[in-house]
Protein chains: 2
Amino acid sequence: MRLSELSEHSGVSTATIKFYLREGLLPPGRRISATQAEYGEHHLRRLRLVRALIQIGKVPVATAREVLSHVDDDSLGRTIRLGAALWALPQGNPPAEDLEDPEVAAATAELEELLTRLGWSNAQQIGALSPVYRSLAAGLATLRRLGFPGDLETLLPYARAMHELAERDLDALEALDSEAEQVETAVGSAVLFEPLLLSLRRLAQEEESARRYGY
Amino acid sequence: MRLSELSEHSGVSTATIKFYLREGLLPPGRRISATQAEYGEHHLRRLRLVRALIQIGKVPVATAREVLSHVDDDSLGRTIRLGAALWALPQGNPPAEDLEDPEVAAATAELEELLTRLGWSNAQQIGALSPVYRSLAAGLATLRRLGFPGDLETLLPYARAMHELAERDLDALEALDSEAEQVETAVGSAVLFEPLLLSLRRLAQEEESARRYGY
DNA sequence: AAGCATGGATAGTGGAGCTATCCAACGCCG
DNA sequence: CGGCGTTGGATAGCTCCACTATCCATGCTT
């Protein structure tokens, strides 16, 4: 495939593909001559992932580059690699603030407690390595600061539900051959599936509201 | 409160508040004189909601305006009002496409089936009125087009989990007095809580990955 | 051999959120 | 009263970012 063919197969304009090549989101093709390059199936898959990240996931180009670098980094262990890619994705939580802030400190402590009660012993170790605690704690603190309910008891059932579903997610990933493909799929499904999950949540709230109060 | 005091209490610059007033995200204050206006608690609450929508939720200004107009519209029934506000919020799903597209049509049919099996009879009627089906169907179709699993059996447990959690959400809302406050809270918690939920999901996936494969 | 397509480089476009500046009217101080 | 800093409103501008238009040397195709 040449660049223009890659463009036709993907529906992405050549100008945009060039832009992604320049930005390092897409690896360069195999050079055929001084002015031509050859692209393969791998480029097509990667291009689709990039589009999903940027168009659907609204991920900034620089962040997408970082995520992809983790996806491609086979020097990492499987879980770390997955984690690095997932946590580089924007989480929508407010930017991590000062750890000294008492609200944030309280939220952090509560998260530890939450993980203990969930029995997520690995997550506690992972959390220490990744920005996950800070991000979660900042989000939790903000929620509370604005007067929304975000106590431990509220969070527990949500977390349990997510873990139950995570088992299914991992089962699905096991069907894939290579580790790279698994991480790629996890990232893609984070970007594409998460909106669906939230839509289902909102629809469920409406359903429940209709049951209780009519229209 | 005058504009500058509103700014101090909220931590939002006067220039930005002026911008929001201009854009209709914040109702004008009570005019004290030709060149001065008075703002109250309501303005402060609304300003915080606007900041949450725009800063955390990355909601475009025009969309925020629409969401807020639904929040304030007390001519609607409770459920419709809630639904209008929630569905005006960006869902992250790809833009709704052609209904003729066979992929989208198939996804739509499957959604109907999903709701039937869930027993969400109200949601079926609500869906007909709101862009929810189109948005969900488009997201589902995109997911499949890129080769991710998105069949009925996969979706069912997620939807059930969301409904279970929605009951808790509605319980929490019942503690609030006015309907306007309930809708406002639902919107705020959609914006602030959803990222937390997704973070929990990602953390759960990592926990499960660590359990299965180590680090 | 002629002409058009290719890939690479560079500068430019458009939109969105926010901000700097200006101005007339106001209120507080003596 | 009179002067001066402050207020709210209007306008134009800034910055960032994803993307695109244009140009050019090269080389494939017929």
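So that the names make sense, note that chain A is the first sequence line, chain B the second, and so on, each numbered from 1.
- The separation between B:E38 atom CD and D:dT7 atom C1' is 13 Å, rounded to whole Å.
- At a cut-off of 3.5 Å, with distance as the only test, no side-chain donor of B:D169 or B:S189 sits close to an acceptor on the other residue.
- Between B:F148 and A:L192 the shortest heavy-atom distance is CE1-CD1, 3.5 Å.
- The nearest whole Å value for the distance from the CE atom in A:M1 to the P atom in C:dT6 is 14 Å.
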Distances under 3.5 Å between protein N/O atoms and the N/O atoms of nucleotides 2-6 of chain D, please, pair by pair.
none

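- Rounded to whole angstrom, the span from the CD atom of A:E5 across to the P atom of C:dT6 amounts to 8 Å.
- Side chains of A:L89 and A:L53 form a contact here, defined as non-hydrogen atoms less than 4.5 Å apart.
- Across all strands, A:A15 comes closer than 4.0 Å to base atoms (heavy-atom distances).
- Rounded to a whole Å, the CG atom of B:L25 is 14 Å from the P atom of C:dA16.
- Applying the side-chain hydrogen bond (donor to acceptor under 3.5 Å, both in side chains) criterion to A:T142, with sequence neighbours excluded, gives no partner residue.
- In terms of phosphate contacts, A:T16 brings no side-chain nitrogen or oxygen within less than 4.0 Å of OP1 or OP2 of D:dA18.
- Here the P atom of nucleotide C:dC18 and the CD1 atom of B:I17 are 12 Å apart, to the nearest Å.
- Among the protein residues, B:T14 comes within range of no part of the nucleic acid, since none of its heavy atoms lies under 4.0 Å from any strand.
- A heavy-atom distance below 4.0 Å to DNA chain D is reached by none of the residues of residues 43-70 of chain B.
- Under 4.0 angstrom from either OP1 or OP2 of C:dG17 there lies no side-chain N or O belonging to B:Y20.
- Here the side chain of B:Q36 is nearest to one of C:dG7, C:dC18, C:dG27, namely C:dG27.
- By the ring-ring contact (aromatic ring centres under 6.0 Å, His included) test, B:Y20 pairs with no residue at all, sequence neighbours left out.
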Secondary structure of DNA chain C per the Watson-Crick/G-U criterion (both distances under 3.5 Å; [ ] crossing, | other strand, . unpaired) is ||||||||||||||||||||||||||||||

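- Applying side-chain hydrogen bond (donor to acceptor under 3.5 Å, both in side chains) to A:H163 and the options B:E208, B:R201, B:E207 leaves one that passes, B:E208.
- Across every non-hydrogen atom of B:N93 and B:S135, the tightest pair is ND2-OG, 3.0 Å.
- One interatomic measurement links the two molecules: CG of B:L21 to C1' of C:dC18, which rounds to 14 Å at whole-angstrom precision.
- With sequence neighbours excluded, the residues that form a salt bridge (charged side-chain N to carboxylate O under 4.0 Å, His left out) with A:D171 are B:R212.
- When each of D:dC19, D:dG27, D:dG8 is scored by its nearest atom to the side-chain atoms of A:F19, the top-ranked nucleotide is D:dC19.
- Smallest separation of non-hydrogen atoms from B:A85 and B:V183: CB-CG1, 4.1 Å.
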Could you pull out the protein-nucleic contacts involving nucleotides 9-14 of chain C (nitrogen or oxygen on both sides, under 3.5 Å)?
none

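- Applying the salt bridge (charged side-chain N to carboxylate O under 4.0 Å, His left out) test to B:R144 and every residue at least two apart in sequence or in another chain returns B:E110.
- For A:T79, the side-chain hydrogen bond (donor to acceptor under 3.5 Å, both in side chains) partners two or more places apart in sequence, or in a different chain, are B:S209.
- Within the structure, every pair that satisfies the side chain to side chain donor-acceptor pair (under 3.5 Å) test and touches residues 3-15 of chain B, not counting sequence neighbours, is listed here: B:S13-B:T16.
- For B:S13 and C:dT19, the shortest distance from a side-chain N or O to OP1 or OP2 is below 4.0 Å.
- Applying the side-chain hydrogen bond (donor to acceptor under 3.5 Å, both in side chains) rule to B:H70 yields no partners; only residues at least two apart in sequence or on another chain are considered.
- Contact check, B:R31 against D:dG9: a side-chain N or O comes under 4.0 Å of OP1 or OP2.
- Judged as a side-chain hydrogen bond (donor to acceptor under 3.5 Å, both in side chains), and not counting sequence neighbours, the contacts of A:D151 are A:T154.
- Nearest to the side-chain atoms of B:Y39 among the listed nucleotides D:dG8, C:dT19, D:dA18 stands D:dG8.
- Between B:E194 and A:R202 a salt bridge is recorded (basic side-chain N to carboxylate O distance below 4.0 Å).
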